[in-house]
Structures are given as C-alpha cells and as structure tokens.
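Before any comments, here is the structure.
Here, residue 1 is the first one in the sequence, and each next residue gets the next number. Only this structure's heavy atoms are used, side chains among them; waters, hydrogens and symmetry mates stay out.
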Amino acid sequence: MRNIYETRQNVRTIFIIISLILVGVFLYISNSLMSELANEERNKMEIWAEATRQLAGNDSDTDMGLVLKVIQSNTTIPVVIMDEENQLLWHINFEIPTSDTLSYLQKKAIELRKKENIIEVMISDNVSQYLYYDDSNLLKRLSYYPYIQLTILLLFILIAFFAFSSTKKAEQNQVWVGLSKETAHQLGTPISSLMAWMDFLKEMDINQSILTEMEKDINRLNTIAERFSKIGSEPKLERVNIVNVIAEVKDYMQRRISSKTSIQFTYGTSQIFTHLSTPLFEWVIENLIKNSIDATNGSGNITISLFEKGDRIILEIKDDGKGILKSKFNTVFHPGYTTKKRGWGLGLTLVKRIVEEYHHGKIFVKESIPYKSTVFRIELRKD
C-alpha cells in the first residue's frame, strides 16, 4: 500500500520547490534591473565628467551653453570632485553636516573609491581630476524595493501554504469524524444480532465458559463501537484510577496475543487518579501495545511503566523491537504513515488525537535504538 503521508509530503515539497524557483526568478529579474539602472547612472556620470573636463579646459570650440546644461541637469546624483592631491574642488547633491564639511566629503570619496564609483577626468596631459559619485536617492530607494516585494511574496506564499494546509486538515477531520460515526453505526446492527444469538444460545446446553468468552467479545465490540461514536464529540472525562484502567487492558491483550510476547506492567503506587474517558484511553493503550507487537514481529517483551513526576502522570510503553529512526519520531503520528504492507496508518494518529485533544496531555517518542528498543511516553495531568 502506498504511504499516503509520503504522497502529501511530496506535494508539499513540490510546492516549496516551485515557490523557491519563483523567488529566485524574481530576485534575478530585480537584480538585473538594478544593474541596468546602475550602469545607466554610470553612463550619465561619464557624460557629466566629460562636460566638466570641457568646462575646465575652456576650449573656444566648445558649446558652453550645452556643457552648462549638461552639468546643471544633474540634480539627483551626489558628486564630489577632487584633484590629484585629494583636495576638494567641488561637490553637489550631498546632504552635508553643518560642521567639518571637508572631512565628511573626503571620507565619502574614500567609500566611493572602494565601490569603484570613480571617474578620472583628464583636464590636460599633466593634470587630472577625480570625480566620485554615489547612487542617486532614487536608485537607493529602488534597491530596497525588491526585498520589500520579496517579503510580501514570501508572506503570500506562507499564507497560501498554511491556508491550504488548514483547509486540508479541516477536510481530513470531517472525513475522519464521518468515517468514525459511520463505522459505529455499521457495527451496531451485527452487534445487536450477536446479542440476540447469545440470548438464544444461553437457553441451549452449551459449555458456559464458551458463552462467557463469546459474551466478552461481544461486549468488546460494543466498546469499540462506542469508541468510534465518540470521535469528533467532546468526551466526558471521569475521575478514575488509571492503574486499574491500564491493568485491565494489559490483561485483556495478554490473553489474546501470542505466548511469545510478554507484557509487563509496573507502577509506583496502586492508586493514581486522573480524569479520563476510559473507553478512549483504553483504545490508546491497545493501539500502543499493538504497535509494539508489530515492531517485535509477534515475539518480544513489552514493558508498561506508570509513575508520578511532580503534577504529572508519566506512562511509558517500551518494546525491544526494530525501533524508529530519529527523523521519523514526529512522522509516525501523521495520518497515513505506516511501515506495514496492509493498514491505513491511523493507529498512532488516533492515539495522538485522543491524548492531546481530548485529554490535554502529551505523547511522543522518548527514545529509540534501532533493532533494540523504543519508548513511547504519555504525560497527563494528575488530580
């Protein structure tokens, strides 16, 4: 049987990969546009530098009106001009502090030189000036724009992802509850029929011990139907001695499994009270024991330990089976996850739902050593 959870994981992985590709394409396009704008400003500065050279050279053939127009056209790009001895000659479009103007502009020139925002202006064969320019305010503002858009895009992807996940979870819950209610309903008819047959058989000359065991199994079916009917409804929690609940489940399971599997139950004190929905919590213990039996291939040791720790009740179920990879500690509780060829992979999902949603406790894989042991831990509030 194909693992349903792995299929869902593949869909999520594809969604994430497509999102990352979109983000990468977006950043590439944005950076390309920013690079083009920066080159455009570089070209403008080279034209501006040439106009400055012609103005300084005072060539009689030069159209000074055009030169001045070119120089005056720069109203956005910060420029500082230094001579060969690093003396300030001119500056424009800088927001300069009120004090120490020269020091400020010299520091800016050093910064711009490191950014390679420098153009040499040949005034004559022996004289050079150096034009340092910064990005315009518009280009600086635009440089933040891709990251703002990227943030918005990522937020949109996250919202879409969580909305998709929430919708799928809501649908799964509806299917889950509907399936449970329908199962309980379908079980009702054959159980009623079996109970009628039991009344008939009691009037026959049949071994009473056989009838007693049959009646136990019919009662068991009734309990199972009751469990399914409670899924999706707020269960009624009653104050019970959890030691007795676990002991009854342990005895029931021990009588119905292979003699090659041993179940041991240890506890600190004979009375530990908490609020439980007994039918549902018995289901939890049964599922965990069955999970351990599968892990040991029907031949091994299962140890149930119950003790108190502060205001918590700790229940641990340990087996000496094949173990669980650490990367799967959380995955084992997801719907559809199973390592068996047959089965829906819902047992541990049921367990988690009953413990955490209905009893406000916690369940997790405490530890697992491959082919040696696995420990599931449940934590409940103590009365």
Side-chain angles (χ1 to χ4, degrees), residues 175-265 267 270-294 296-300 302 304 306 315 317 340 342-344 346-347 350-351 353-355 358-359:
V175 172
W176 182 270
V177 172
L179 180 62
S180 299
K181 300 289 186 185
E182 181 63 21
T183 301
H185 176 72
Q186 293 293 335
L187 284 172
T189 301
I191 290 173
S192 297
S193 177
L194 286 171
M195 292 175 70
W197 278 107
M198 278 298 301
D199 291 338
F200 174 76
L201 291 174
K202 285 178 181 178
E203 298 175 359
M204 309 281 292
D205 186 19
I206 296 176
N207 189 317
Q208 188 60 39
S209 62
I210 295 175
L211 293 177
T212 299
E213 289 303 314
M214 289 178 64
E215 190 168 19
K216 286 180 180 178
D217 285 332
I218 292 173
N219 290 335
R220 192 67 181 172
L221 285 173
N222 259 322
T223 300
I224 292 170
E226 182 184 2
R227 290 171 179 172
F228 277 109
S229 69
K230 290 180 182 295
I231 297 297
S233 304
E234 189 68 27
K236 182 181 179 182
L237 304 184
E238 298 178 341
R239 189 173 186 269
V240 297
N241 182 2
I242 191 173
V243 177
N244 293 339
V245 174
I246 296 172
E248 290 179 9
V249 175
K250 177 258 179 185
D251 292 341
Y252 175 83
M253 293 297 295
Q254 185 69 77
R255 291 194 298 268
R256 284 161 175 76
I257 61 176
S258 168
S259 59
K260 295 179 181 179
T261 300
S262 170
I263 305 176
Q264 302 295 324
F265 177 35
Y267 46 89
S270 61
Q271 290 189 333
I272 302 176
F273 287 93
T274 187
H275 279 79
L276 297 176
S277 168
T278 300
L280 289 180
F281 199 76
E282 287 176 340
W283 203 356
V284 168
I285 307 303
E286 286 180 22
N287 269 315
L288 290 174
I289 291 175
K290 289 176 182 177
N291 188 73
S292 293
I293 292 171
D294 290 336
T296 59
N297 293 319
S299 177
I302 300 171
I304 304 174
L306 182 69
L315 171 63
I317 297 181
K340 296 182 291 185
R342 301 181 62 184
W344 291 93
L346 297 177
L350 263 173
V351 166
R353 187 186 185 105
I354 292 170
V355 171
Y358 295 159
H359 292 88

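With hydrogens and angles ignored, the 3.5 Å screen pairs no side-chain donor or acceptor of Asn241 with any backbone N or O of Phe273. When atom types are taken as modelled, the side chain of Asn291 and the backbone of Asn287 share no donor-acceptor pair closer than 3.5 angstrom. Under the 3.5 Å distance criterion, the side-chain polar atoms of Gln254 are matched with a main-chain donor or acceptor of Ile263.
Between the CG atom of Leu194 and the CG atom of Leu221 there is a distance of 7.0 Å, given to the nearest 0.5 Å. Annotation: the span from Glu248 atom CD to Asn244 atom CG amounts to 6.5 Å, rounded to 0.5 Å. Note that CG of Leu288 and CD1 of Ile302 are 10.0 Å apart. Values are rounded to the nearest 0.5 Å. Interatomic distance, CD of Glu215 versus CG of Asn219, reported as 5.5 Å (0.5 Å rounding).
Within the 4.5 Å cutoff, the side chain of Phe265 has heavy atoms near those of the Leu306 side chain. At least one side-chain heavy atom of Ile289 sits less than 4.5 Å from a side-chain heavy atom of Ile304. Residues His359 and Thr274 form no side-chain contact, since every pair of their non-hydrogen atoms from C-beta on lies 4.5 Å or further apart.
Legend: ring-ring contact (aromatic ring centres under 6.0 Å, His included) pairs involving residues 243-262, not counting sequence neighbours: none detected.
Smallest separation of non-hydrogen atoms from Ser209 and Asn207: OG-OD1, 2.6 Å. The minimum heavy-atom distance between Met198 and Ile218, with the atom names listed, is CG-CD1, 3.0 Å. Shortest non-hydrogen contact noted between Gly298 and Thr261 is O-OG1, 3.0 Å.
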- Query: Can you check side-chain contact (heavy atoms from CB on, under 4.5 Å) on Asp217 and Arg256, steps first, answer last?
  - Reply: CA-CA 11 Å; Asp217 285 332; Arg256 284 161 175 76; 3.3 Å; yes
Mind listing the side-chain donor-acceptor pairs of residues 275-284 below 3.5 Å, one per line with the distance, residues two or more places apart or on another chain?
| from | atom 1 | to | atom 2 | distance (Å) |
| --- | --- | --- | --- | --- |
| His275 | ND1 | Asp383 | OD1 | 3.2 |
| His275 | ND1 | Asp383 | OD2 | 2.9 |

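Within 6.0 Å of the CE atom in Met253, the count of heavy atoms belonging to other residues, nucleotides or ligands exceeds 12.
Not counting sequence neighbours, the partners of Lys216 by the salt bridge (Lys or Arg N to Asp or Glu O under 4.0 Å) test are Glu213.
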